[in-house]
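Side chains are part of it too, since the values below use all heavy atoms of this structure and drop only hydrogens, waters and symmetry mates. Throughout, protein chains are lettered first and strands after them, A, B, ... in sequence-line order, and every chain is numbered starting at 1.
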Protein chains: 2
Amino acid sequence: MARTQGSHSDITGPRIREAALRLFAQHGFAAVSMRQIASEVGVQAGALYNYTADKQSLLFSLMQGHMSDLMEAWQAEPSTGNALSALERFVRFHIRYHMERPDAVFIAYMELRNLSEENFATIESMRGGYENALEAILKQGVAEGAFQIPDTKIATLAVIAMLNGVMTWYRAGGRLSLEEVETIYWDMVRKAVAA
Amino acid sequence: MARTQGSHSDITGPRIREAALRLFAQHGFAAVSMRQIASEVGVQAGALYNYTADKQSLLFSLMQGHMSDLMEAWQAEPSTGNALSALERFVRFHIRYHMERPDAVFIAYMELRNLSEENFATIESMRGGYENALEAILKQGVAEGAFQIPDTKIATLAVIAMLNGVMTWYRAGGRLSLEEVETIYWDMVRKAVAA
DNA sequence: AAACTAACTGAACATATGTTCAGAAAAAAG
DNA sequence: CTTTTTTCTGAACATATGTTCAGTTAGTTT
């Protein structure tokens, strides 16, 4: 046997990425073998190497894809007037966007140590760009006199950490809707930075 | 060769745990081999099995030890009067305690998925106990009228997530002292739950 | 229909893994 | 000093790992 019926790189490629994403998120990068990924796709391990140079490149590509999708989605959000409404939009966007792709988010936060030094620097720089978007809002709010924040860098990281905490407990279909969760978190963030 | 000079279980046992803790935190449980741990201690891999039944038990024991130390340390804190001062003590305690043992904390949050179902339940239950301590304070504050919190369970998780974020960026000897960091976070938490 | 290309198999390679255990040496007990 | 116990070695076991590649077939082009 060799090439299988209906095989096509436009299909197999994405399927490999989806399987890898799910498995890495579930068991961790180091605990997942290339054979497991291949088996999930219905293919032999060797076939994966038509789509990635090696295992680490696959991880890096997934993380990079997630980060650039995130940046793009945020930049597509309409820009705003005052800092308060910008902050609300950021909070709601962040929660909603992250809850819709928990596996990618999980990997982007948990598997950094499995990246080579060079790949790590790339991902960290992208994350820095996203954090800067929030910090710019906080700085604007301080300038406007709407926020009272001793250190905008720390506040940025604190807000993001708090929002990311949603993913540890929220499950769709629970007792709260995503809209309600957004509102609860927005309430806390708003008060935390208030003047 | 067999037993080495000066070998003693009272010394080797802790050294194995220390090496495993550091290596698991640095590279992840799945990425660290028993031979690496043994080599760090200066012993052959087989010797580790005098101190642990298997690799998973070693991880579980480290996590369990951390969680019970944490609970004990919190219970040793003097109890307090009003909710506001209790919350301040919790925030400062949490930041300080966690910053002093980053490896153990990191493992306890990152390696949950490498636990068996049974061991996972045990650790999660201990974590729940710690979270309940914070939620009790928040509930007290609501009862006193000092706090305004729509959902104390969510607020509990949000506060802890925010505080845990410290560990992703704080390094001793940086531009801020631990005391200053505590104060900045306490300021945000206080405002976030304020009535 | 023939020639070409893209996609995949299956086996192989070298190496790493967790774990077990008989035996040896150091330490402790008598 | 002799015996017993504790602690460790070194080799072995079965299995798993990431990766390569010659060969084979499905799909595409001419």
Nearest-Å distance, [atom1] ([X]) to [atom2] ([N])?
{"X": "A/Y49", "N": "C/dA6", "atom1": "OH", "atom2": "P", "answer": "22 Å"}
{"X": "B/I11", "N": "D/dT6", "atom1": "CD1", "atom2": "P", "answer": "17 Å"}
{"X": "B/Q56", "N": "C/dG18", "atom1": "CD", "atom2": "C1'", "answer": "13 Å"}
{"X": "A/Q44", "N": "C/dA6", "atom1": "CD", "atom2": "P", "answer": "22 Å"}
{"X": "B/L48", "N": "C/dT17", "atom1": "CG", "atom2": "P", "answer": "13 Å"}
{"X": "A/L58", "N": "D/dG18", "atom1": "CG", "atom2": "C1'", "answer": "13 Å"}
{"X": "B/R15", "N": "D/dT7", "atom1": "CZ", "atom2": "P", "answer": "15 Å"}
{"X": "A/N50", "N": "D/dT20", "atom1": "CG", "atom2": "C1'", "answer": "12 Å"}

Can a cation-pi geometry be assigned to A/R127 and A/Y109, taking NZ or CZ under 6.0 Å from the six-membered ring centre and within 45° of the ring axis?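 Output yes; distance and angle both within limits.
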Which listed nucleotide ([options]) is nearest to the side chain of [X]?
{"X": "B/S33", "options": "D/dT9, C/dT17, D/dT19", "result": "C/dT17"}
{"X": "A/Q36", "options": "D/dC8, D/dT17, D/dT20", "result": "D/dT17"}
{"X": "A/R35", "options": "C/dA12, C/dT17, D/dC8", "result": "C/dA12"}
{"X": "A/Y51", "options": "D/dC8, D/dT19, C/dC8", "result": "C/dC8"}

Are the side chains of B/L87 and B/R190 in touch, meaning some heavy atoms are under 4.5 Å apart?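 B/L87 vs B/R190: side chains apart.
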If you define the side chain from C-beta out and look only at heavy atoms, does anything of B/L70 sit under 4.5 Å from B/F93?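 Heavy-atom side-chain distance check passes, below 4.5 Å.
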Indicate whether any N or O donor in one side chain lies under 3.5 Å from an N or O acceptor in the other, for B/Y170 and B/H98.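 Per modelled atom types, B/Y170 and B/H98 side chains form no pair under 3.5 Å.
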A/F29/A/F60 aromatic ring centres below 6.0 Å: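 Between A/F29 and A/F60, the centre distance exceeds or equals 6.0 Å.
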5' precedence on DNA chain C between B/M34 and B/Q5 (nearest-nucleotide basis):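 The residue mapped nearer the 5' terminus is B/M34.
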If you assign A/V32 and A/A47 each to the DNA chain D nucleotide with the nearest heavy atom, which residue ends up on the more 5' nucleotide?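 The residue whose closest nucleotide sits nearer the 5' end is A/V32.
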5'-most contact on DNA chain D: A/A30 or B/T12, nearest heavy atom basis?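 Per heavy-atom nearest nucleotide, the more 5' residue is B/T12.
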